[in-house]
Amino acid sequence: MSINEIIILLLGIIISITLLLMFRRLFFGKKSSIEINKKVNSRELFEPVQASEEEIVENQTPINEEILDDCDESIESDNYDSVFKSNEKTDLITIHLEAEENVFEYEPLIHFLKNSDFDFSDEGGWFKINLEEENNFLFVNGLNPGKFSLEENIISTNVMTLIYSMKPKTNSVNSLAELIKFSELVAKQFSSQVLDSDRNALTQQMVEHYSQMAEEFDLNNLS
């Protein structure tokens with residue numbers, strides 16, 4: 001076999017391997033990454049394809065609204081601690097912001113919220129951060145009585161708590177991302193640390209755990 005024939009044979013092998021790798025990447029590459037991106041970014045994945053907006057509202061169960069109401073009432077009652085000990089509830093996620101000093105003050109918090117990109121409502125010493133589709137999470141004083149009170153001279157605290165109650169037929173994964181984003185903005189503004197529901201430093205592993213909870217909740221509440 002001549003040198004020219006050997007060179008042509010090698011080139012043929014190289015071209016065949018290159019084409020094989022290209023076809024493999026085209027038909028099989030990055031499949032799981034695309035699925036994850038759809039779960040995070042596509043609202044349609046969490047709803048029946050043929051469901052209209054009216055059907056979504058009519059079929060929405062009141063379970064999570066009741067949980068939010070319970071949270072609201074707990075802030076006003078002696079059952080306040082139950083809001084922050086709800087880890088057994090798979091549809092409730094809490095995140096804490098904690099500082100060494102009382103850096104969270106009522107008026108500066110209102111000023112911060114007004115200048116942020118988040119829509120909020122002041123519920124009388126504590127806040128609702130409103131997301132799309134009537135979805136929201138609570139932003140409250142992390143210590144008793146769970147709110148600020150000018151009458152009781154409770155105008156500052158070193159702990160603020162975020163409470164998110166997942167709702168059926170909403171994109172809880174996106175809502176969780178907004179919750180994390182909000183907590184990081186507040187932590188940076190008020191020099192505080194972001195903690196998980198057990199008051200440990202919030203890690204990437206725990207964020208992924210919360211994301212999995214949100215994803216599983218959405219998938220289990222498609223209908």
Side-chain angles (χ1 to χ4, degrees), residues 32-43 45-46 63-64 67-68 70-72 74-75 80-104 109 112-113 116-118 120 126-133 135-144 146 157-222:
S32 61
S33 177
I34 293 174
E35 290 178 353
I36 292 173
N37 289 336
K38 283 184 177 179
K39 289 178 182 178
V40 172
N41 297 318
S42 177
R43 180 175 178 272
L45 183 66
F46 301 93
I63 297 176
N64 286 278
I67 292 175
L68 280 176
D70 291 341
C71 291
D72 297 354
S74 297
I75 292 172
Y80 165 82
D81 288 338
S82 65
V83 175
F84 308 103
K85 296 179 181 179
S86 303
N87 295 336
E88 68 277 4
K89 292 183 178 180
T90 58
D91 56 354
L92 200 65
I93 294 176
T94 58
I95 290 179
H96 306 281
L97 297 162
E98 184 171 340
E100 294 183 359
E101 301 178 352
N102 285 13
V103 299
F104 300 108
L109 280 172
F112 166 76
L113 291 171
S116 73
D117 294 330
F118 288 86
F120 79 100
W126 56 282
F127 310 99
K128 278 185 179 179
I129 310 301
N130 303 307
L131 306 174
E132 59 183 12
E133 300 176 0
N135 204 6
N136 58 58
F137 57 85
L138 309 185
F139 184 41
V140 304
N141 184 350
L143 303 176
N144 271 317
T157 181
N158 71 317
V159 181
M160 292 293 292
T161 296
L162 304 171
I163 307 169
Y164 175 53
S165 179
M166 292 179 279
K167 295 182 179 180
K169 299 181 182 178
T170 63
N171 194 328
S172 299
V173 178
N174 273 0
S175 298
L176 175 64
E178 290 296 301
L179 181 75
I180 300 296
K181 176 183 176 182
F182 180 83
S183 67
E184 291 175 340
L185 288 174
V186 177
K188 182 178 180 181
Q189 179 68 27
F190 293 91
S191 302
S192 52
Q193 186 179 12
V194 183
L195 308 178
D196 61 23
S197 57
D198 295 321
R199 295 186 185 273
N200 298 316
L202 184 65
T203 62
Q204 181 61 39
Q205 182 179 3
M206 184 56 71
V207 171
E208 292 173 358
H209 171 66
Y210 288 150
S211 181
Q212 183 178 0
M213 286 175 55
E215 183 179 312
E216 290 177 355
F217 179 87
D218 286 337
L219 293 175
N220 290 333
N221 288 275
L222 289 174

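Since the structure is predicted, the reported quantities are computational estimates derived from the model, not experimental observations. Note: hydrogens, waters and symmetry copies are ignored here, and every other heavy atom, side chains too, is used.
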Of all the heavy-atom pairs spanning [X] and [Y], show the shortest one and how long it is.
X	Y	value
Q193	A201	NE2-CB, 3.4 Å
T161	G142	OG1-CA, 3.4 Å
P168	F217	N-CE2, 3.7 Å
N135	S165	OD1-O, 4.4 Å
A214	V173	CB-N, 4.0 Å
I95	I180	CD1-CD1, 3.5 Å

Inset, instruction - Check for a donor-acceptor pair, side chain of S211 on one end and backbone N or O of E208 on the other, with a separation under 3.5 Å. - result: no
Legend entry - Main-chain N/O of A99 paired with N158 side-chain donor or acceptor, under 3.5 Å: yes
For residues [X] and [Y], determine if any side-chain heavy atom of one lies less than 4.5 Å from a side-chain heavy atom of the other.
X	Y	answer
Y210	D196	yes
V186	M160	no
L97	V194	yes
W126	N141	no
V103	S191	no
L195	L202	no

Inset, instruction - For the residue pair Q212 and E216, confirm or rule out a side-chain donor-acceptor distance under 3.5 Å. - result: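 Yes, E216 and Q212 have a side-chain donor paired with an acceptor closer than 3.5 Å.
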Legend entry - Any residue meeting side chain to side chain donor-acceptor pair (under 3.5 Å) with E184, in chain and number order, not counting sequence neighbours: none
Inset, instruction - Measure the CG-OG distance between L109 and S116 for me, rounded to the nearest 0.5 Å. - result: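 That separation rounds to 11.0 Å.
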Legend entry - Atom pair CG (N221) and CG (D91), whose distance is rounded to the nearest 0.5 Å: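 Atom-to-atom, N221:CG and D91:CG are 8.5 Å apart.
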Legend entry - Pairing residues for F182 by the ring pair (Phe, Tyr, Trp, His ring centres under 6.0 Å) criterion, not counting sequence neighbours: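 In terms of ring pair (Phe, Tyr, Trp, His ring centres under 6.0 Å), with neighbours along the sequence ignored, F182 is linked to F118, F137, F139.
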Legend entry - ring pair (Phe, Tyr, Trp, His ring centres under 6.0 Å) partners for F120, two or more places apart: none
Inset, instruction - Look at atom CG of N200 and say whether more than 12 heavy atoms of other residues, nucleotides or ligands are closer to it than 6.0 Å. - result: yes
Legend entry - Candidates I93, L92, T94 - the one meeting side-chain contact (heavy atoms from CB on, under 4.5 Å) with S197: T94
